[in-house]
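Numbering starts at 1 and runs along the sequence shown.
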Amino acid sequence: MKHYNAKEVEEKIKKFWEKEKIYKFDSKKKGKIYSIDTPPPTVSGDMHIGHAFSYSQQDFIARFRRMFEDNIFYPFGTDDNGLPTERLVERINKVKSKEMSRSAFIELCLKTLKDITPDFVQQWKDLGVSADYNVCYSTIDKNSQKISQKSFIDLFKAERIYKKNFPTIWCPECQTSIAQAELEDKEFKSFFSTIEFGVEAKTLPIATTRPELIPACVAIFVNPGDKRYKNLVGKKAKIPLFNYEVPIFEDKLADIEKGTGVMMVCSYGDKFDVDAINRYKLKPRIIFNYDGTINFGEYKGMKIREARKKILENLKKAGLILDQKQISHIINVHDKCGTEIEFLPTEQWFIKVLDKKKELIKQGKKIKWYPNFMRKRFENWIDGLEWDWNISRDRHFGVSIPAWYCRKCDETIIADEKELPLNPSEIEKKCSKCKGRAEPEIKVLDTWATSSLTSQIASSLVGNKIKLPYSLRPQAHDIIRTWAFYTIVKAYLHENKIPWENIVVSGFVRLEGEKMSKSKGNIIEPRDAIQKYGSDALRFWAAGSKLGEDLNYQEKDLVAGKRFVTKLFNASKFVFMNLGKTKPKKPKKLESVDKLFLQELSIIVNNTTSYFKKYEYSGAKMEIEQFFWKSFTDNYLEIVKKRIYQGKGDEKLSAQYTLYQSLLTILKLIAPIIPFITEEIYQTYFKKHEKDKSIHISRWPRSDKEKKSKDWGILINIISKIRKEKTKAKKPMNAEIILSLDRKDHNALKELIQDLKNVTNAPEIKTGKFKVEFK
Ligand SMILES: [Zn+2]
Ligand SMILES: [Zn+2]
């Protein structure tokens with residue numbers, strides 16, 4: 001091959017890995033098992049650039065540990081149930097799940113997944129992610145359902161799970177209850193209107209951004225310290241437009257500083273309302289349907305925003321708006337659809353976590369977080385938790401809750417472990433008390449209730465050989481509050497263990513500082529990038545970010561990656577053109593410059609190893625990249641050229657031996673980051689001399705602690721100064737010169753003088769002030 005063709009080579013190497021089962025997990029193999037709790041990507045049409053970024057990064061670690069002689073357990077899975085999957089299936093098939101029968105929709109989900117999953121997973125293989133794709137699960141497969149349902153049963157029996165009818169966070173768009181962890185902040189513009197309520201003959205002004213909740217008002221709060229309204233406490237307030245009365249209470253929830261200082265308590269505007277109505281045992285006035293439409297009067301059927309507009313119009317007509325201004329404020333929205341959430345009373349299942357906050361923070365401290373500050377995010381999340389974990393969803397496609405209930409006796413019947421996995425709708429159960437027919441629970445589990453068990457699910461595929469804690473959880477920072485938190489919860493509640501010893505948290509990909517998103521239209525497709533530059537180049541870019549930090553996507557970084565790959569290819573070709581048919585043996589005595597170069601390389605080996613051990617792949621990449629360009633190609637290759645071409649005996653052999661060893665070492669050090677080109681070079685040139693089937697299961701280079709010698713630096717520095725002089729004099733690089741060197745440098749390089757003469761074409765080197773003379 002004359003030029004490196006990334007596409008062709010990567011295709012070939014991928015097939016080779018698969019055929020030779022290079023990444024197959026072997027539970028019988030000796031050595032410490034290094035287990036990775038691989039994030040199962042949520043199935044969608046295409047891998048996105050964030051995936052390419054974070055999965056490359058975890059693969060650097062896996063590949064390094066594998067060469068470092070750990071026995072790697074690196075399973076693969078897909079997350080394919082719950083809301084994201086439902087929304088995808090709805091989009092692809094142009095349907096609405098709530099308008100279909102449950103069974104028809106589930107069937108459609110399964111069919112769609114079957115169609116799109118193989119192509120989706122293929123993209124992880126294309127990227128070179130070295131997971132064992134035979135240890136593969138889906139979070140909706142039978143085995144995962146079974147493990148998830150067993151977790152439910154165990155926690156129910158341990159009285160960690162309860163069912164409660166309660167105003168919970170509700171998404172009117174997705175029509176399901178959701179958990180606190182699924183809330184996101186979004187900024188909205190709203191009218192902040194001061195509206196005239198009445199108390200006896202007087203006016204009571206109340207400011208609100210949600211006038212549509214006026215008919216849901218059940219009480220008025222004023223602060224006990226607020227002198228303005230002292231005399232109103234105990235009286236009744238008249239609700240404008242709707243003409244009914246509510247009590248006025250003193251309560252600290254009313255904020256003197258906010259609006260007029262008077263608070264309307266509605267069912268339900270926010271969590272404070274939920275709390276207030278609960279404490280005063282008020283009868284709620286529920287004005288919303290589950291789909292977010294209003295359920296009464298002239299507003300019936302209107303969406304919340306329409307109703308808000310209409311009520312403001314009506315208030316204005318009645319002259320009840322005292323003041324109005326436009327403000328920007330932060331509102332909680334559902335992270336899956338961006339819709340403003342509501343609070344609606346429904347019956348849901350919860351896992352008790354609030355009573356274990358301290359213990360969970362303690363569990364977090366037992367885990368090593370990379371970077372360390374990410375632990376603080378975990379702790380802040382726990383500190384701010386206000387609700388137990390809501391694990392039920394009013395949706396179709398998910399793991400069934402293995403329960404039935406009897407309306408008559410209010411009895412809950414839980415499945416037997418032997419029956420799992422099951423769908424309660426397909427099984428008849430009798431009430432254990434009245435022996436009447438029990439009704440199946442039709443809600444499904446929150447997808448996190450299953451994906452918080454990925455380590456147990458993956459282990460079950462290899463005979464439960466992998467115990468908690470795993471070695472590593474790689475994941476992105478936006479799901480610390482969900483995936484990391486819930487996994488820690490489950491490991492703690494089930495086994496009183498931490499799920500993993502280490503967690504490495506990756507950042508986001510940005511485009512000129514902005515987060516990529518479909519709505520901004522600034523999406524970069526990994527597929528296109530790979531097509532143009534190759535997977536190695538894309539991975540090379542992904543290695544550029546420090547752990548936990550966001551990385552800008554810049555095409556020039558991929559160009560640099562491609563250039564590095566090409567140079568590696570060409571340099572290897574050059575080296576092997578000048579080696580014999582056999583592996584060069586180590587001569588009795590290495591030439592000084594060769595020894596010095598290998599010493600220099602040892603330092604790089606040590607640095608790179610320690611970077612990889614600390615999960616700092618960007619440091620590792622930088623070490624090797626610089627060494628390769630500056631020391632190897634720019635200088636060492638030039639220094640030994642003459643000896644290779646014209647040298648004899650051990651003098652030549654010393655150079656050949658050093659070239660062979662150093663190139664192999666460089667390839668191994670960079671192999672975790674650019675696995676395709678390194679494998680290609682290994683297979684083409686080294687395989688016949690080395691015993692390992694693949695570079696990726698070869699032994700990681702080791703070296704003794706080397707003292708850093710200054711001599712290599714001095715030599716490189718002088719060569720570069722001479723090159724500059726030649727350029728300045730417009731002479732070719734091989735122009736013959738007379739060189740004068742400072743005595744100090746001359747002495748330091750005593751052993752290297754011949755090589756210096758060769759590379760600079762200076763048959764004569766004098767001592768004196770540094771000078772380059774041309775003949
Ligand atoms: Zn939603
Ligand atoms: Zn009963």
Side-chain angles (χ1 to χ4, degrees), residues 17 21-27 29 31-42 47 51-79 121 124-125 127-139 144 147 367-371 374 451-477 479-480 483-484 486-488 490-491 497-506 539 542-543 547-548 612-617 620 671-673 675 696-697 700:
W17 290 338
K21 303 188 170 67
I22 300 298
Y23 308 121
K24 187 176 164 27
F25 172 66
D26 176 3
S27 63
K29 201 178 136 191
K32 180 184 174 281
I33 293 181
Y34 188 88
S35 42
I36 301 174
D37 187 9
T38 320
T42 303
M47 170 191 260
H51 283 140
F53 179 65
S54 60
Y55 281 84
S56 291
Q57 294 178 348
Q58 55 177 273
D59 194 54
F60 304 154
I61 300 166
R63 286 182 180 275
F64 163 70
R65 302 281 355 173
R66 189 181 290 115
M67 291 174 78
F68 206 66
E69 289 177 5
D70 285 330
N71 187 8
I72 299 293
F73 180 66
Y74 191 11
F76 195 77
T78 49
D79 197 10
V121 175
W124 268 254
K125 298 179 182 172
L127 185 64
V129 173
S130 64
D132 181 351
Y133 295 92
N134 291 310
V135 184
C136 193
Y137 61 85
S138 125
T139 53
S144 299
I147 290 171
I367 300 167
K368 285 200 195 87
W369 295 72
Y370 296 88
M374 291 291 179
S451 54
S452 53
L453 296 162
T454 44
S455 41
Q456 292 89 329
I457 291 170
S459 179
S460 75
L461 301 176
V462 292
N464 292 311
K465 284 255 161 52
I466 317 294
K467 309 285 181 213
L468 300 192
Y470 269 49
S471 311
L472 178 70
R473 156 64 70 85
Q475 67 159 70
H477 61 69
I479 51 174
I480 288 177
W483 198 35
Y486 291 143
T487 309
I488 292 171
K490 287 266 180 118
K497 282 185 179 169
I498 48 169
W500 351 270
E501 287 161 351
N502 305 286
I503 176 168
V504 300
V505 183
S506 56
R539 294 171 61 109
L547 194 60
F612 270 127
K613 276 185 170 171
K614 290 182 288 183
Y615 307 107
E616 288 174 15
Y617 35 77
I673 291 173
H696 298 292
I697 47 173
W700 186 256

Of all residues at least two apart in sequence or in a different chain, which pass the side-chain hydrogen bond (donor to acceptor under 3.5 Å, both in side chains) check with [X]?
{"X": "T487", "value": "R473"}
{"X": "S459", "value": "none"}
{"X": "T42", "value": "none"}
{"X": "Y55", "value": "none"}

I'd like to check the side chain to side chain contact (heavy atoms under 4.5 Å, CB included) partners of [X]; sequence neighbours left out, ordered by chain and number.
{"X": "D70", "result": "K32, Y34, R65, I72"}
{"X": "S54", "result": "S506"}
{"X": "N134", "result": "D132"}
{"X": "A671", "result": "M67, T678, I695, H696"}

Under the ring-ring contact (aromatic ring centres under 6.0 Å, His included) test, which residues partner [X], sequence neighbours left out?
{"X": "Y470", "answer": "none"}
{"X": "F53", "answer": "W541"}
{"X": "Y133", "answer": "F76"}

Worksheet item: Do the side-chain N and O atoms of Q58 and Y74 include a donor-acceptor pair separated by under 3.5 angstrom?
Response: yes
Fill in: With D79 via salt bridge (Lys or Arg N to Asp or Glu O under 4.0 Å) - residues at least two apart
none
